[in-house]
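What follows is one structure encoded as structure tokens, with my remarks underneath.
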Amino acid sequence: MENESIISMNKALSRINGLYQKWFQTRTLNSYLIQTLNALFMEPDLTQKEISDKYQIPRQTVNNAIQALKKEGYVELVQNENDKRWKIILFTEKGQKYAEETVLPLLTLDQKIAKRMGPTKYHQFITLLQEYGDSLEHEIAESKEASHEKR
């Protein structure tokens with residue numbers, strides 16, 4: 001594959017990331033905090049480990065976000081009955097309201113983009129992003145294994 005395509009892809013991903021960062025900054029939100037809030041809002045009853053694994057956010061960063069949310073009275077940690085090692089993160093009533101005020105504008109933004117792109121292109125976009133992520137994960141794992149073999 002030619003370098004121009006790789007450069008274009010990197011620019012496109014960086015642009016999208018940068019635009020989301022600008023959007024977060026206009027609302028004085030930390031990107032990891034909003035990602036954590038979004039994860040909890042969209043998929044209730046997650047553990048810190050699940051948020052970290054599913055959203056590729058470092059565990060310590062998730063922990064910091066959860067501690068900040070807990071300090072403000074937005075979340076509580078409840079023992080996971082299926083696995084006692086992990087606690088499920090639940091919104092308090094105050095936290096649910098905060099999450100709605102914070103996450104719903106982001107969802108509205110994403111819904112407008114999906115509508116503008118149309119369902120077919122939007123689905124293709126998601127599918128290709130997932131495929132790229134899977135391939136990237138595979139290549140990283142292979143390069144890690146190769147570097148261990150050289151030692």
Side-chain angles (χ1 to χ4, degrees), residues 8-145 147-148:
S8 294
M9 185 269 307
N10 283 323
K11 283 181 181 178
L13 289 175
S14 291
R15 180 172 179 245
I16 290 168
N17 249 350
L19 290 168
Y20 273 116
Q21 291 301 324
K22 282 182 184 178
W23 189 89
F24 298 150
Q25 288 170 352
T26 63
R27 286 150 181 82
T28 61
L29 293 169
N30 170 302
S31 64
Y32 285 124
L33 184 67
I34 189 75
Q35 286 177 314
T36 301
L37 272 174
N38 188 45
L40 291 169
F41 188 78
M42 300 301 287
E43 299 183 74
D45 303 340
L46 292 175
T47 65
Q48 289 185 35
K49 181 183 184 315
E50 290 169 327
I51 294 170
S52 177
D53 292 348
K54 288 181 178 191
Y55 293 85
Q56 294 296 300
I57 305 170
R59 284 189 188 174
Q60 186 58 51
T61 304
V62 173
N63 184 58
N64 292 344
I66 296 302
Q67 292 308 314
L69 292 169
K70 188 177 173 187
K71 182 179 177 185
E72 294 296 324
Y74 294 144
V75 298
E76 58 186 2
L77 297 141
V78 178
Q79 189 68 54
N80 183 346
E81 293 301 320
N82 297 329
D83 187 342
K84 303 280 188 204
R85 296 173 297 167
W86 302 104
K87 292 187 178 179
I88 295 172
I89 305 153
L90 300 174
F91 283 121
T92 61
E93 191 174 319
K94 178 181 174 184
Q96 183 66 36
K97 186 175 185 223
Y98 176 70
E100 288 171 4
E101 292 169 355
T102 307
V103 174
L104 287 179
L106 178 59
L107 291 176
T108 300
L109 177 72
D110 288 335
Q111 287 167 345
K112 286 179 181 178
I113 294 165
K115 185 175 182 180
R116 178 173 289 154
M117 290 178 76
T120 302
K121 284 171 75 176
Y122 194 68
H123 179 71
Q124 289 171 336
F125 173 70
I126 292 166
T127 301
L128 290 170
L129 280 176
Q130 289 169 334
E131 184 178 332
Y132 188 90
D134 292 345
S135 295
L136 180 60
E137 186 174 47
H138 176 78
E139 291 300 323
I140 289 171
E142 276 194 357
S143 67
K144 200 180 214 182
E145 287 175 18
S147 69
H148 284 298

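Note that these values count all heavy atoms, side chains included, but never hydrogens, waters or copies made by symmetry.
Within the 4.5 Å cutoff, the side chain of Ile89 has no heavy atoms near those of the Thr47 side chain. Looking only at side-chain heavy atoms (C-beta outward), Trp86 and Leu46 stay at 4.5 Å or farther from each other. Using a 4.5 Å heavy-atom cutoff, the side chains of Leu40 and Ile66 are in contact. Residues Leu33 and Leu69 have side chains in contact (heavy-atom distance under 4.5 Å, counting atoms from C-beta outward). At a threshold of 4.5 Å between non-hydrogen side-chain atoms, the residues Arg85 and Lys49 do not count as touching. No side-chain heavy atom of Tyr98 sits less than 4.5 Å from a side-chain heavy atom of Glu72.
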- Task: Go through the steps to decide whether Arg59 and Asn63 satisfy the test side chain to side chain contact (heavy atoms under 4.5 Å, CB included), and finish with yes or no.
- Result: CA-CA 6 Å; Arg59 284 189 188 174; Asn63 184 58; over 6 Å; no
- Query: So Leu77 and Lys70, side chain to side chain contact (heavy atoms under 4.5 Å, CB included) or not? Walk me through it.
  - Reply: CA-CA 8 Å; Leu77 297 141; Lys70 188 177 173 187; 3.7 Å; yes
- Run the side chain to side chain contact (heavy atoms under 4.5 Å, CB included) check on Leu107 and Phe41 step by step: do they pass? CA-CA 11 Å; Leu107 291 176; Phe41 188 78; 3.8 Å; yes
- Show the numbers, then the answer: is there a side chain to side chain contact (heavy atoms under 4.5 Å, CB included) between Leu29 and Leu37? CA-CA 11 Å; Leu29 293 169; Leu37 272 174; 5.5 Å; no
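In this structure, CG on Asn30 lies 8.5 Å from CD on Gln21, to the nearest 0.5 angstrom. Going from atom CD1 of Ile51 over to atom OH of Tyr32 covers 14.0 Å, rounded to the nearest 0.5 Å. Put simply, CD on Gln111 and CG on Leu106 are 10.0 Å apart, with the number rounded to the nearest 0.5 Å. Of the inter-residue distances, the one linking Asn38 atom CG with Leu104 atom CG reads 10.0 Å to the nearest 0.5 angstrom. Separating the CD atom in Gln25 from the CZ atom in Arg27 is a distance of 11.5 Å, to the nearest 0.5 Å. Annotation: the span from Gln56 atom CD to Glu137 atom CD amounts to 6.5 Å, rounded to 0.5 Å.
Contact between Gln48 and Gln67 at its shortest, heavy atoms only, is NE2-NE2, 4.4 Å. Across every non-hydrogen atom of Asp45 and Ile88, the tightest pair is CA-CG2, 3.3 Å. Contact detail for Ser52 and Pro58: the closest heavy-atom pair is OG-C, 3.9 Å. What you find for Thr102 and Trp23 is that their closest heavy atoms are O-CH2, 4.2 Å. Across all non-hydrogen atoms, the minimal contact from Tyr55 to Ala39 is CE1-CB, 3.3 Å.
Using a 4.0 Å cut-off between charged side-chain N and carboxylate O, Glu93 and Lys97 make no salt bridge.
Panel note: side chain Ser143, backbone Ile140; a donor-acceptor pair is recorded below 3.5 Å.
At most 12 heavy atoms of other shown residues, nucleotides or ligands fall within 6.0 angstrom of atom CE in Met42. The number of heavy-atom neighbours closer than 6.0 Å to CD of Glu101, taken from other residues, nucleotides and ligands shown, is above 12. In this structure, Lys22 places its NZ atom where only 12 or fewer heavy-atom neighbours from other residues, nucleotides or ligands lie under 6.0 Å away.
Side-chain atoms of Gln96 and Glu100 form a donor-acceptor pair, as typed in the model, at a separation below 3.5 Å. Side chains of Asp134 and Gln130: no donor on one and acceptor on the other come within 3.5 Å.
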